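One structure is given here, and the rest of the page talks about it.
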Protein chains: 2
Amino acid sequence: MSDEIRITKKERDALIILGNHIDEEFPVRLVDISDEMSLKPPTILNLLKRLEDKGYVEREKGMTVLTKSGISRYREIVENHRILETLMVKNGMDLDRACLISENIDFLIDHESIDNIFEKIGKPSKCPHGRKIEQFHE
Amino acid sequence: MSDEIRITKKERDALIILGNHIDEEFPVRLVDISDEMSLKPPTILNLLKRLEDKGYVEREKGMTVLTKSGISRYREIVENHRILETLMVKNGMDLDRACLISENIDFLIDHESIDNIFEKIGKPSKCPHGRKIEQFHE
DNA sequence: CTGACATATTAGGTAAATACTAATAAGATT
DNA sequence: AATCTTATTAGTATTTACCTAATATGTCAG
């Protein structure tokens, strides 16, 4: 428990972008991530190399793919995000604010703990944005 | 709103230590913080200089004092901490885990937002540790 | 197949945050 | 005054997070 590999906010952001594009026909290119994050390609390359070191990403010939571990970390973060958002909105916070805050903490909290909260608040099927909260794990 | 000066986790930790000692007869010395944080004095000095730049601390002749702004930031973080802890424990999380998580996020979230939550959950007077949750602001 | 253009990579540089050791300065205490 | 404890300075290293400029690698039109 809580043995998740530490990532930074930027690494989180890149991971999310990679995960969000996972079902698309064409893989995300460096320039795409570069555009989405408003950072220059060399900066992104650097970021991706760190994600590679952490085992979340594999790269060859300009292609970047999430590894199994990367996919499951991505899913955990997204799920954390939606559950935290739900919890905050349920407790009086404005949706936009909740989303912004969640972005800054969803990758810092271990998924197991968030999962407990999910159970406790009655396994809501959707976050306040209307997006599905799935239980990804087997 | 949300115009709080960005601080890092280490800066937060030092701020908390300074705040916790505020009522004591003798001021906290560098070595004290050094001991409490298990970091060498030069590292702490560096940290304090950054807090000074951010206007949270004033230093002269080895003495370190929180400024007005430092005190109020300290209080906001402590309050954030206790409210977040309360929220998490109320929603099924183990107290120790909640405390640990709260430590990592209490300084990242603007106090106004947390205050909304506080109102919504019925202004509990104590956190799960039994410590007072006060409304410090006028 | 060959330029031209787009994209990726390398190289090299900067800055902030986080640490350290070793040396020096300043205070306090005996 | 000598000693001991603290504080400070100087110098070094690593990680994250950026950049520009140069080079390499594709790719696609003709």
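All values derive from a computational prediction rather than experimental measurement. Below, read A as the first sequence line, B as the second, and so on, with proteins coming before strands; counting in each chain starts at 1.
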Could you tell me whether the side chain of Cys99(B) reaches within less than 4.5 Å of the side chain of His81(B), counting heavy atoms only? yes
Given atom CG of Leu45(B) and atom P of dG11(D), what is their separation to the nearest angstrom? 16 Å
Determine whether the side chains of Glu4(A) and His111(A) contain a donor N or O and an acceptor N or O closer than 3.5 Å. no
Reckon Arg6(B) touches a base, only the sugar-phosphate, or nothing at all at heavy-atom distances under 4.0 Å? nothing
Base contacts versus sugar-phosphate-only contacts with protein, heavy atoms under 4.0 Å: please encode nucleotides 12-29 of chain D as B, S and - from 5' to 3'. ----SSBBBB--------
Taking the basic N atoms (NZ, or NE/NH1/NH2) and the acidic carboxylate oxygens, is any pair closer than 4.0 Å for Asp106(A) and Arg82(A)? no
Rounded to the Å, how far apart are Ile44(B) CD1 and dC20(C) C1'? 12 Å
Any Pro128(B) side-chain heavy atom under 4.5 Å of Thr86(B) side chain: yes
Residues in contact with DNA chain C, drawn from residues 16-35 of chain A - heavy-atom cutoff 4.0 Å: Arg29(A), Leu30(A), Val31(A)
Taking C-beta and beyond as the side chain, do Lys9(B) and Glu103(B) meet within less than 4.5 Å on heavy atoms? yes
Hey, does the side chain of Lys49(A) come within less than 4.0 Å of dT10(C)'s phosphate (OP1/OP2), counting only N and O? yes
Contact between Arg73(B) and Lys54(B) at the side-chain level, heavy atoms closer than 4.5 Å - yes or no? no
Is a side-chain donor-acceptor pair under 3.5 Å present for Ser113(A) with Asp110(A)? yes
Could you tell me whether the side chain of Ile33(A) reaches within less than 4.5 Å of the side chain of Leu48(A), counting heavy atoms only? yes
